Amino acid sequence: MKFQAPKGVSEYYPPRSSAFELVRDELIAAAKVSGFSLIELPVFEDTELFTRGVGASTDVVTKEMYTFEDRGGRSITLRPEGTAGAMRAVIEHGLDKGQLPVKIWYSGQFFRAERPQAGRYRQFYQVGVEAIGLQDPEIDVEVIAAADRGFKNLGLKRYRLEITSLGDAASRSAHRKELDLFLAGLDLDEATRVRAQLNPLRLFDDKRDSIRSQMASAPLLLDFLTESSRSHFHKVQELLTELGIAFTINERMVRGLDYYTGTTFEFVHPDLGSQSGIGGGGRYDGLMGELGGADLSGIGYGIGVDRVLLACEAEGVFGAEKALDSLDLFLVPLGPATKRFGVVMMQGLRASGVKVDMAYGDRSLKGGMKAADRSGARFSLVIGDEESSSGQAQVKNMKTGEVQSIKIDPSDNYLQLSRFIFDSKVR
RNA sequence: GUGGGCGUAGCUCAGCUGGUAGAGCACUCGGUUGUGGUCCGAGAUGUCGCGGGUUCGAGCCCCGUCGCUCACCCCA
């Protein structure tokens, strides 16, 4: 029996894992620099949290949740998204009773039992933020800008931001009335009609030509916004423009989770295959109340790290992958005695923060140098009997090939060598 | 849940109208005394996804099955 990873999971192993790590850390860094604090959450929750929070009619809840019974007979679900769990924690620990807004970020694995496809996995990785307790359009823009900053810092260029407003409850019910009337006159198959009853907005996102052409003349929610919704959305656009964040209005944008209201947005990338969304989010006015907390509004996003990685690779924003987290130094010992010398030396260097590894096994000099090359280390250093006894060695710059004599002295923790390496890093 | 494509060496794949398996990359060693990348030489590696059938003979044909993948529904 040969074991295989479960269907539809993404795994990252060297060398690509360092690219994944970089993407994740950059997205997190953007959240942190925007003033969000970490909230560390469980990957499973009470099933009802999601049926109530995400919405019982959504596809996520009806057919995509990993749900099981734990030993105490409780129904448990692996989290399919982050906001519901974050709100639960905020309410449970009374963060909503402190100073507002509450600004938190999270990251980790999420789970949806779907048929896998390019960029769509059953276990996927997300970095998200939530800002709770403010109605101002400024906070909408701040959240969007935080996501945008992450993408920009990674060097992405070809992504696009799409925004819309789902309005307040009055806007939506006015629109729904018109939309239901319109849909009643369409030629739809049974499954689609059922879907339309649960949430008619979903039909805007259908990719089938027969539906698309019929929906072309459907009444748009944006045309039904109340005065306050309209003005909020307008301010969001103004501020985005002022910040130089390009966007397009997608009046047909649909999100898969029921809790979204008002400002809603999605970042899309053209090079990912069918799943073009790399991140998205929006405002959720009723969610906190629905989950038993104070009736506060919030806004947040979730960014798919797996997809952003694909986007980065499609755009070629990384250089050689092995350079991403490459070693500073690679030691090539000759013979057993110098191997011991090398192990001791590495500990000394690591203590001062030098990233160092060495050739193990009994490799020839050529083999050792080859290993040094493959490791991607910036410098190599051969240690034989001569070096260990004289305390003098040649550091070789692996890129330029130039060598330099340097003192290696255990008693000062190889100070000269580590200095040399750090100095060369600055350049 | 529905539909398409594909399963041959670690990876990417070739294998003509059936005659019992190959390339490139990667890997290891070497090209005479201690310096990698290029070049040259040598070497190791496969239950040709699995099960059954047709045939003197199946990687190739047929049936089934499992897996991967892409797309639809939907979504990060």
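These numbers were taken from a predicted model, which means no experiment stands behind them. Proteins get letters first, then strands, A, B, ... in listed order; numbering begins at 1 in each.
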If I pick the C1' atom on U47(B) and the same atom on G59(B), what distance separates them, to the nearest angstrom? 13 Å
What integer number of Å spans the C1' atoms of C50(B) and C40(B)? 43 Å
Would you mind classifying the nucleic acid contact of K7(A) as base, sugar-phosphate or nothing, using non-hydrogen atoms under 4.0 angstrom? sugar-phosphate
Between R176(A) and E178(A) (salt bridge meaning N to carboxylate O under 4.0 Å), is one present in this structure? no
Pick the C1' atom in C16(B) and in A76(B), then give their distance to the nearest Å. 46 Å
Hey, does R363(A) reach any base, or is it just sugar-phosphate, or nothing, if we go heavy atoms under 4.0 Å? sugar-phosphate
Taking atom P in both U69(B) and G30(B), what distance in whole Å separates the two? 40 Å
Quick one: look up who U65(B) pairs with, Watson-Crick or G-U, both distances under 3.5 Å, and put none if it's unpaired. G49(B)
Has S274(A) got a side-chain N or O lying under 4.0 Å from the OP1 or OP2 atom of C72(B)? yes
Regarding Y159(A) and E315(A), do their side chains bring together a donor and an acceptor under 3.5 Å, going by distance alone? no
Rounded distance in Å - CD (Q4(A)) to P (G7(B)): 16 Å
Salt-bridge criterion met for R202(A) and D258(A) (N-O under 4.0 Å): yes
Assigned partner base of A76(B), Watson-Crick or wobble definition, under 3.5 Å: none
If you look at every strand shown and take non-hydrogen atoms under 4.0 Å, does K370(A) touch a base, only sugar-phosphate, or nothing? sugar-phosphate
Whole-Å P distance, A26(B) and G37(B): 11 Å
Looking across every strand, which nucleic acid part, if any, lies under 4.0 Å from S380(A) by heavy atom: base, sugar-phosphate, or nothing? nothing
Interatomic distance at C1', C56(B) relative to C72(B), whole Å: 48 Å
From CZ of R120(A) over to P of G1(B), roughly how many Å is that when rounded to an integer? 13 Å
Phosphate oxygens OP1/OP2 of C75(B): is one of them under 4.0 Å from a side-chain N or O of R202(A)? yes
For R255(A), report the nucleic acid contact type (base, sugar-phosphate, nothing); a contact means any heavy atom under 4.0 Å. sugar-phosphate
Could D148(A) and K152(A) be called an ion pair, given the rule that one side-chain N must be under 4.0 Å from one carboxylate O? yes
Could you say whether the aromatic ring of F124(A) and the base of A76(B) stack, counting only centre distances under 5.5 Å and plane angles under 30°? yes
Starting from the 5' end of RNA chain B, give me the residue, L257(A) or G384(A), whose nearest nucleotide shows up first. G384(A)
C1' atom, U55(B) versus G19(B): distance in rounded Å? 12 Å
Applying a 3.5 Å limit to both distances, which nucleotide forms a Watson-Crick or G-U wobble pair with A23(B)? U12(B)
Are F420(A) and F379(A), when compared by the centres of their aromatic rings, separated by less than 6.0 Å? yes
Looking at every strand, decide which applies to E386(A) at a 4.0 Å heavy-atom threshold: base, sugar-phosphate, or nothing. base
Sugar-phosphate, base or nothing in reach of R112(A), heavy atoms under 4.0 Å: base
Within the structure shown, what part of the strands sits under 4.0 Å from E387(A) by heavy-atom distance: base, sugar-phosphate, or nothing? base
Touch check for F110(A), heavy atoms < 4.0 angstrom, all strands: base, sugar-phosphate only, or nothing? nothing
Where the side chain of K396(A) is defined as all heavy atoms beyond and including C-beta, which of G36(B), C70(B), G34(B) is the nearest nucleotide? G36(B)
Ignoring the backbone of D373(A), work out which of C70(B), A76(B), G36(B) is nearest its side chain. G36(B)
Check this for me, if you would: do E114(A) and R122(A) make a salt bridge, where the nitrogen-to-carboxylate-oxygen distance has to be below 4.0 angstrom? no
From A76(B), C27(B), U35(B), pick the nucleotide closest to the side chain of Q394(A)? U35(B)
Grab the CZ-P distance between F267(A) and C75(B) for me, whole Å please. 18 Å
Looking at every strand, decide which applies to A372(A) at a 4.0 Å heavy-atom threshold: base, sugar-phosphate, or nothing. nothing
Using a heavy-atom cut-off of under 4.0 Å over every strand shown, decide if G368(A) touches base, sugar-phosphate, or nothing. nothing
Ignoring hydrogens and angles, are the base of A76(B) and the side chain of E266(A) linked by a donor-acceptor pair under 3.5 Å? no
Pairwise C1' distance for C62(B) and G18(B), with rounding to whole Å: 13 Å
What is the separation between atom OH on Y121(A) and atom P on U69(B), rounded to the nearest whole Å? 9 Å
Both G304(A) and Q117(A) contact RNA chain B. Which one's nearest nucleotide lies toward the 5' end? Q117(A)
What's G273(A) touching, base or sugar-phosphate or nothing? Going by heavy atoms closer than 4.0 Å. sugar-phosphate
Under a 4.0 Å N-O cut-off, is there an ion pair linking R16(A) with E313(A)? yes
F44(A)-Y66(A) aromatic ring centre distance below 6.0 Å: no
For G37(B), the Watson-Crick or wobble counterpart (both distances under 3.5 Å): none
